[in-house]
Protein chains: 2
Amino acid sequence: MEANTKTKKELIKDNAADLFRKKGFNATSMQDIADAVGMKAASLYNHIASKQEILEELLLRIANGFTEGLKEIENSSLAPQEKLEALVALHVNLTFHFSDSIALNTGEWIHLEEPALSKYSKQRNQYEKSFKKILENCKTEGIIEKNINTDIALYSILSSLHWLYSWHNKNKKISKIELEYQLKKVLLKGLIK
Amino acid sequence: MEANTKTKKELIKDNAADLFRKKGFNATSMQDIADAVGMKAASLYNHIASKQEILEELLLRIANGFTEGLKEIENSSLAPQEKLEALVALHVNLTFHFSDSIALNTGEWIHLEEPALSKYSKQRNQYEKSFKKILENCKTEGIIEKNINTDIALYSILSSLHWLYSWHNKNKKISKIELEYQLKKVLLKGLIK
DNA sequence: GTCTATAGGCTGATAGAC
DNA sequence: GTCTATCAGCCTATAGAC
């Protein structure tokens, strides 16, 4: 599928994602989106139902990406440590794949309204819970030290992975393979010898 | 200084910080802040000049906290690795000290207007630059492996430290000492044996 | 499917009585 | 220093001509 085969709705969502990321959801007006796409604000409503709808579709698409990726990893016969590495790879892949809209996953999701907010939060909580379980399996197997707090490890890793998009944007020079290699090292094996 | 000796301006800023964190700067109205403080929206302007001013004062106070803390560490005679540990401690301390307003440091700073935005960004960039320098010194001394990308290590650590506030809020059970111990372990020494 | 025109509501901020 | 009243502007979204 090439760029010019995109539906106008997809084009609107792409531009909106970019603006939401740069200015925030509330500070982005339909006027801003219309200007970016190249039409009048009123015309947007021939393709989308509301500003909310744009945010919902962008975020639920990403949430589904994570949910599906996680399911594959959970159902695999990888060892706990390999599952951890696969999760890092999943984040890197989704960051490259959804490059613009993935930034919304960090903060802008709070502007979702019900029932989308509940649906999104549910998926996100489920994801974190499963991630934590894998960390705990690593602990049981003695791969991770017993006195490491699983919650701290979890949120520490997730924070780094959530912010991936920001240097994907700043520093395009880093390839996917290199990014994956570095993150596995820094996040899992540690910095100091 | 006790809670009830706070000026009304400080009370307004405290409540605003809490709302900005929960709802975002743009989604928080002066009405919301007035309701939280217990006065009419118009009365707020007897204590503050504008909504912008609140955001600026909250963020510049934090930025100064980081700048000053960093200066102390830089001017100390600690070894590179100890400086790294001191930086982790600095983030933990400021997270506990500014518990509500520190959250704004993660995303809401984009709503600063000039010239405050430039001032803030300058301090932030300077902070990251100095942090990076300390990492590079660790590399020179052979404490950190040569093939680790300093930028990735830097942003990975900073991301985790920026998100500290979120589980400080969720999980008050973790003490400052324990948090500091765990983070030094997870961020610096690594997860996997 | 695009446009112009506009509704209806909320926003940050000000004026002026008390 | 607090209030009521109010302004001027911007916001999302709709109606209806073309």
Grab the CD-P distance between A/Gln52 and D/dC11 for me, whole Å please.
17 Å
List in numerical order all residues of residues 23-45 of chain B for which some heavy atom is under 4.0 Å away from an atom belonging to DNA chain C.
B/Thr28, B/Ser29, B/Met30, B/Ala42, B/Tyr45
Would you mind writing out the side-chain donor-acceptor pairs for residues 60-68 of chain A within the sub-3.5 Å range, not counting sequence neighbours?
residue, atom, partner, partner atom, Å
A/Asn64, OD1, A/Gln123, NE2, 3.4
A/Asn64, ND2, A/Leu60, O, 3.2
A/Thr67, OG1, A/Ala63, O, 2.9
A/Thr67, OG1, A/Gln123, OE1, 2.7

Atom CD1 of A/Ile54 and atom P of D/dC11: how far apart are they, to the nearest Å?
15 Å
Running the 4.5 Å side-chain criterion over Ile, Leu, Val, Met, Phe, Trp and Tyr, what cluster does B/Leu78 land in, apart from itself?
none
Please list all pairs passing the salt bridge (charged side-chain N to carboxylate O under 4.0 Å, His left out) test where one or both residues lie in residues 71-86 of chain B, with sequence neighbours left out.
none
For B/Tyr165, give me all partners under ring pair (Phe, Tyr, Trp, His ring centres under 6.0 Å), at least two apart in sequence or on another chain.
B/Trp163
Taken to the nearest whole Å, NZ/B/Lys51 to P/C/dT14 is 15 Å
For nucleotides 16-18 of chain D, list the nitrogen or oxygen atoms of the protein found under 3.5 Å from its nitrogen or oxygen atoms, one pair per line.
none

Between B/Ser160 and A/Ser160, is any side-chain donor less than 3.5 angstrom from a side-chain acceptor?
yes
Set of ring pair (Phe, Tyr, Trp, His ring centres under 6.0 Å) partners for B/Phe96, sequence neighbours left out
B/His168
How many Å lie between NE2 on B/His111 and C1' on C/dT11, as a whole number?
15 Å
Salt bridge (charged side-chain N to carboxylate O under 4.0 Å, His left out) partners of residues 154-163 of chain A, not counting sequence neighbours, each pair once
none
Tell me the salt bridge (charged side-chain N to carboxylate O under 4.0 Å, His left out) pairs involving residues 34-55 of chain A, sequence neighbours left out?
A/Lys9-A/Glu53
